[in-house]
Trainee: 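There's a structure below that I have some questions on.
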Amino acid sequence: MPEALRLSGLVAGYRPDLPILRGIDLALEPGGMTAVVGPNGAGKSTLIKAIAGLVPISGGTVTRGGADITGLRPDRMAEHGMAYVPQTDNVFRGLTIRENLDLALRRAGRAAPERLARLQAMFPMLADKADIRGGALSGGQRQMLAVAMALATEPSLVMLDEPSAGLAPNITADVLAMARRLTEDGTTVLLVEQNVKQALALADRCIVLAEGRIEADGPATELREGTTLAEIFLGARRRVA
Amino acid sequence: MIGVISYLVFFATVASILAIAVLGLNLHWGYTGLFNGGVVAFFGAGAYGTLMLGGAPQPHLGGFEWPWIFALIGGVAAAAVLAWIVGLLTLRLRHDYLAIATFGVAVAFENTMRNAQGFAGGAQGIRGFERPFREFAGNGLGWNLLYLALVLVALVATYLFLERLARAPFGRLLRAIREDEEAARSLGKSPARIRLTSFVTGSAIMGLAGGLYGTFYAFVSPQDVLPILTFQIWAMLIVGGAGNNRGAVAGAFLIWGAWTASGWGLSRFAPVDWQLYAGSIQWVLIGSVIVGMLMWRPEGLFPERVGEDRPQTGRTT
Amino acid sequence: MIQHLIDGVLVGAIISLGAIGLTMVMHILRFANFSHAELLSVGAYAAFVLGPLIAGLSGALEAGIGPLSLSWAVALAVPLAMAITGATAVLLDRIVFQRVRAKGGELSMVFASFGVALVMRNVIGLIFGLSPHLYSRDIAFAQIISYDPLIMVKPDQVAVLVLALILMLALHLLLSRTTFGYSLRAVAENPDLAQVTGVDLKAAIRAVWLIGGALAAAAGVFYGLTNQIIPVMGRDLVLPIFAATIAGGIGSVYGAVLGGFLVGIAGNLALLVLPPGYTPSLPFVIIIAVLLLRPHGLFGEARA
């Protein structure tokens with residue numbers, strides 16, 4: 001079975017002379033949840049954005065299922081069965097829930113009503129509050145809508161950028177659990193998370209990023225017990241200081 | 001021969017006066033990243049201010065017969081006050097507000113001067129101004145040469161002032177704000193305040209140019225504050241290269257030369273029934289210069305020497 | 001008073017149509033486009049050229065519609081003029097603005113838009129002459145609606161107002177009822193997220209230019225119909241249109257509509273107290289008033 005995603009020597013950043021990612025090699029098997037953790041400024045979000053086509057890639061390749069998708073246009077992600085949920089501004093504040101969903105379902109054609117019904121069954125809030133504007137939602141509701149919008153294209157790879165950012169601690173757990181549930185039907189989930197403990201508890205595999213490079217990579221269980229993580233985080237802190 | 005010399009003196013005086021205005025615009029656009037769509041309003045405030053304060057009594061407001069240098073300072077102050085009001089209202093907002101408000105102030109300035117008979121002489125403009133130094137320089141070439149020397153002194157002084165400003169802490173602040181507004185703010189600097197200072201200073205320089213212009217002709221009317229002047233001054237800076245003071249001066253002479261030459265050429269060689277359209281042709285030319293330069297050579301014709309600390313052209317974010 | 005109000009509503013409708021496209025472009029591309037008002041001239045002159053051509057197809061089309069001075073031929077030319085002007089706007093973006101954007105910043109775009117405006121306005125003047133034109137030599141007589149106070153309305157004015165309102169309603173339905181409309185609103189709010197949600201950003205920007213240009217063309221024809229067609233109409237309308245976008249809040253389509261009416265009505269009511277010569281200054285006064293009272297406009301959001 002081809003890989004869900006392969007990064008080879010990926011170099012990327014907003015400016016070509018200042019790469020944030022400095023040579024990332026990574027292969028994701030289909031299914032399961034992979035968490036990307038690391039200190040602030042390690043390039044976690046940039047990694048996802050580069051895959052999604054929002055950050056220019058200056059070196060290396062991104063392939064998916066054998067196809068080269070380096071520098072893909074963000075609006076073409078769905079054609080490759082991918083979806084991306086940005087960090088905080090991830091729903092349209094000026095559009096109602098229903099309008100947000102309709103927009104996400106725009107390319108679904110005849111399948112749209114059925115998919116909408118499925119998403120509404122998954123998150124009943126989306127049907128109850130259909131006419132509420134995105135800007136009026138609570139943090140947890142906003143994340144549900146954002147995830148639902150990502151699922152509208154029925155992706156097999158979902159990338160989530162710090163879904164717990166800006167959420168109250170008790171809601172963080174719910175949102176991460178929701179991310180975990182996405183893997184139940186075989187969807188591959190790539191999760192960037194600040195909240196290392198909770199991410200490791202849920203993920204199958206964990207990648208530790210520091211200063212644009214992969215510092216550690218392995219089953220989440222191992223990293224949970226080992227000392228690598230603390231070393232990297234402490235090391236990063238020492239370097240900053 | 002005398003005719004050629006006196007024409008050259010005349011040309012050099014006007015071009016130098018415009019070069020001062022271009023330097024003022026360079027402080028706005030090249031150094032601070034501010035769009036001034038109404039250069040002519042500040043230029044006009046300087047010209048009208050100088051003539052109203054320094055002129056002989058008239059049926060309209062003004063004619064206070066101030067000594068010339070004080071009248072000129074008053075004109076500069078008028079431009080600065082106008083800039084301060086516009087800047088105060090718009091500089092906190094995103095950059096297009098300043099663009100629109102400055103454009104608007106120029107329209108309103110010309111319109112008011114044209115209509116306010118009792119205030120600024122209306123369409124006839126302001127006359128009855130005694131040129132300074134007439135007692136010992138006379139009225140002819142002698143005066144013109146003296147005045148050219150004076151204008152050149154003002155131009156060099158403005159140039160040196162801006163060059164020093166760029167190297168002074170204030171210049172570094174301007175650069176810091178342009179590059180990273182958030183960082184500058186976190187250092188306790190108020191970007192809006194600093195931008196306002198720069199905007200008022202640049203406008204005062206335009207007012208100085210206007211005051212010198214008004215003095216030179218001893219007359220100013222709404223015809224002198226038409227929008228075309230704003231575009232000419234822009235074209236001078238764009239051709240010279242924003243951020244580059246020497247280029248700005250070179251651009252002023254080049255564009256003013258091209259402008260007068262094209263006007264002369266059109267009036268001389270174009271068929272009579274085309275004369276009516278000479279103005280339109282000149283407008284198309286100046287518009288094309290602005291657009292063409294921005295498309296193909298945004299750094300201007302005279303890029304600065306490598307290694308010099310040169311502000312970027314019109315970048316905001 | 002009432003007469004001024006009625007005239008103001010009419011002028012306001014024209015300004016609104018111009019301001020809608022401008023506010024969208026300013027919001028999405030983040031630059032004050034000083035060449036937008038010239039699109040009104042493009043539209044007005046396009047209809048001026050196309051009208052007689054269409055009338056050439058059938059003499060019957062030359063007749064005025066009912067009591068209007070507007071002929072069927074010119075009416076049919078309006079949609080064509082809208083298409084031509086929309087295409088012109090897209091082309092200008094492709095040829096000039098995209099290139100300037102790639103080389104410089106937003107500020108360079110503003111300068112470039114001025115240059116574009118100068119070229120457009122004067123090329124139109126060179127082609128069609130500097131003197132005014134009219135769509136029809138028939139004089140449309142004003143109908144007296146009331147003698148005390150004296151209120152007169154030309155049938156053309158009523159038709160223009162109705163057509164302008166229909167266009168605004170159509171745009172409203174497009175934005176609020178279709179997923180294409182949602183995609184435009186999405187791009188205006190958050191271009192990155194819009195792309196991630198599957199919206200083709202370049203296509204959306206093209207659509208915004210197209211719609212903005214088409215509405216500007218309609219405004220230009222309406223202006224020509226109720227005033228006259230002159231090359232400097234863009235120059236005369238650019239400030240009122242900007243005042244409308246600022247009054248409504250940059251980026252708000254509904255704000256632009258309201259702002260347009262506000263500027264039109266205020267401009268006409270001001271004639272009660274000010275000599276007509278000062279009319280060109282009024283939009284500036286409105287801009288200053290809005291910046292003092294409500295800097296982000298009626299519907300605008302604070303945005304750095």
Side-chain angles (χ1 to χ4, degrees), chain B residues 29 33-35 37 85-86 89-90 92-101 103-112 114-116 181 227-228 230-231 234-235 238 242 276-277 279-299 312-317, chain C residues 26 30-34 95-97 99-100 102-126 129-130 231 235 238-239 242-243 245-246 250 274-288 290-292 295-296 302-304:
Chain B
W29 181 16
L34 298 174
F35 179 93
I85 296 170
V86 174
L89 286 171
T90 52
R92 281 167 295 121
L93 306 165
R94 49 183 281 210
H95 70 97
D96 10 12
Y97 284 92
L98 181 69
I100 297 163
F103 176 73
V105 80
V107 170
F109 186 85
E110 193 259 339
N111 179 242
T112 307
R114 193 176 287 283
N115 284 280
E181 185 166 333
I228 185 79
T230 298
F231 304 128
W234 285 359
I238 292 171
L276 183 62
Y277 294 97
S280 298
I281 294 169
Q282 278 192 304
W283 281 93
V284 171
L285 289 177
I286 204 126
S288 308
V289 165
I290 292 174
V291 177
M293 287 296 293
L294 290 171
M295 279 169 71
W296 289 296
R297 211 178 152 84
E299 70 279 11
Q312 286 190 336
T313 321
R315 284 287 320 172
T316 38
T317 28
Chain C
M26 272 168 84
R30 293 175 173 245
F31 83 106
N33 179 13
F34 280 85
I95 296 173
V96 180
F97 294 124
R99 205 178 295 229
V100 175
K103 288 228 172 182
E106 292 151 349
L107 215 54
S108 303
M109 303 268 284
V110 184
F111 280 102
S113 76
F114 258 108
V116 168
L118 294 186
V119 174
M120 284 170 78
R121 186 185 307 154
N122 289 287
V123 165
I124 289 174
L126 288 173
L130 302 175
R235 183 198 71 191
V238 62
L239 200 55
F242 269 121
T245 63
I246 287 189
I250 293 174
L274 270 178
Y278 287 101
T279 310
S281 297
L282 264 166
F284 177 68
V285 175
I286 293 172
I287 290 172
I288 294 299
V290 171
L291 293 181
L292 275 173
H296 295 289
R303 214 177 86 164

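From a predicted model like this one, the values you see are computed outputs, not experimental measurements. To find a chain, count down the sequence lines: A is the first, B the second, and so on, and within it residues start at 1.
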Trainee: Please identify which of these residues, B:F231, B:W29, B:F103, meets the ring pair (Phe, Tyr, Trp, His ring centres under 6.0 Å) condition with C:F111.
Mentor: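 Result: among B:F231, B:W29, B:F103, B:W29 is the only option passing the ring pair (Phe, Tyr, Trp, His ring centres under 6.0 Å) with C:F111.
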Trainee: In Å, rounded to the nearest 0.5 Å, how long is the span from OG of C:S108 to CE of B:M295?
Mentor: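 Interatomic distance, C:S108 OG to B:M295 CE, rounded to 0.5 Å: 12.5 Å.
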Trainee: How long is the straight-line distance from CG of B:N111 back to OH of C:Y278, given to the nearest 0.5 Å?
Mentor: 7.5 Å
Trainee: Pair B:L294, C:K103 - check side-chain contact (heavy atoms from CB on, under 4.5 Å), show working.
Mentor: CA-CA 8 Å; B:L294 290 171; C:K103 288 228 172 182; over 6 Å; no
Trainee: Pick from C:A243, C:P231, C:G125, C:P280: which one has the most heavy-atom pairs with chain B under 4.5 Å?
Mentor: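 Ranked by heavy-atom pairs under 4.5 Å with chain B, first place is C:P280.
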Trainee: Select one option (side chain, backbone, both, neither) describing which atoms of B:A235 are under 4.5 Å from chain C's heavy atoms.
Mentor: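 Neither part.
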Trainee: Measure B:W283 against the heavy atoms of chain C and call it side chain, backbone, both or neither at under 4.5 Å.
Mentor: both
Trainee: What part of C:F34 lies closer than 4.5 angstrom to a heavy atom of chain B: side chain, backbone, both or neither?
Mentor: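 Just the side chain, heavy atoms under 4.5 Å.
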Trainee: With rounding to the nearest 0.5 angstrom, report the CD1 to CG distance, B:I290 to C:L118.
Mentor: 6.0 Å
Trainee: Which atoms of B:V289 are under 4.5 Å from chain C, going by heavy atoms: the side chain, the backbone, both sets, or neither?
Mentor: neither
Trainee: Looking at chain C, which one of B:V284, B:N115, B:I228 has the largest number of heavy-atom pairs inside 4.5 Å, strictly under?
Mentor: B:N115
Trainee: Please identify, among B:A116, B:A99, B:A101, B:S280, the residue contributing the most non-hydrogen atom pairs under 4.5 Å to chain C.
Mentor: B:S280
Trainee: May I ask you to name which of C:S113, C:A102, C:G129 has the most heavy-atom pairs under 4.5 Å with chain B?
Mentor: C:G129
Trainee: Look at C:A117, C:P275, C:A112, C:S281 and state which one has the largest set of heavy-atom pairs under 4.5 Å with chain B.
Mentor: C:S281
Trainee: So which of B:I286, B:T230, B:V105 has the biggest tally of heavy-atom pairs under 4.5 Å with chain C?
Mentor: B:V105
Trainee: With a 4.5 Å cut-off on side-chain heavy atoms, are C:L291 and B:Y97 touching?
Mentor: yes
Trainee: Identify the two heavy atoms, one from C:A32 and one from B:D96, that lie closest to each other, and give their separation to 0.1 Å.
Mentor: CB-CB, 3.6 Å
Trainee: Quick one: which of C:F114, C:F97, C:F242 has the most heavy-atom pairs under 4.5 Å with chain B, could you say?
Mentor: C:F114
Trainee: Determine the option with the most heavy-atom pairs under 4.5 angstrom with chain B, choosing from C:V123, C:V96, C:I95.
Mentor: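 Most pairs with chain B among the choices: C:V96.
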Trainee: Taking C:V285, C:V238, C:I246, C:T245 one by one, which has the highest count of heavy-atom pairs under 4.5 Å against chain B?
Mentor: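 Highest number of heavy-atom pairs under 4.5 Å: C:I246.
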Trainee: Do B:F35 and C:F31 have side chains that get closer than 4.5 Å, going by heavy atoms?
Mentor: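 Side-chain contact under 4.5 Å: no.
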Trainee: Is chain B contacted by the side chain of C:L130, its backbone, both, or neither, given a heavy-atom distance below 4.5 Å?
Mentor: both
Trainee: With sequence neighbours left out, write down each residue that passes side chain to side chain contact (heavy atoms under 4.5 Å, CB included) with C:I288, or none if nothing qualifies.
Mentor: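 C:I288 satisfies side chain to side chain contact (heavy atoms under 4.5 Å, CB included) with B:L89, C:F284, C:L292 once adjacent residues are dropped.
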Trainee: Need one label for B:L34: side chain, backbone, both or neither, based on atoms under 4.5 Å from any heavy atom in chain C.
Mentor: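 Contact with chain C is through the backbone of B:L34 alone.
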Trainee: Quick one: of B:I100, B:L285, B:T112, who has the most non-hydrogen atom pairs under 4.5 Å with chain C?
Mentor: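 Most heavy-atom pairs within the cutoff with chain C belong to B:I100.
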Trainee: What part of C:P283 lies closer than 4.5 angstrom to a heavy atom of chain B: side chain, backbone, both or neither?
Mentor: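 Contact with chain B: none, neither part.
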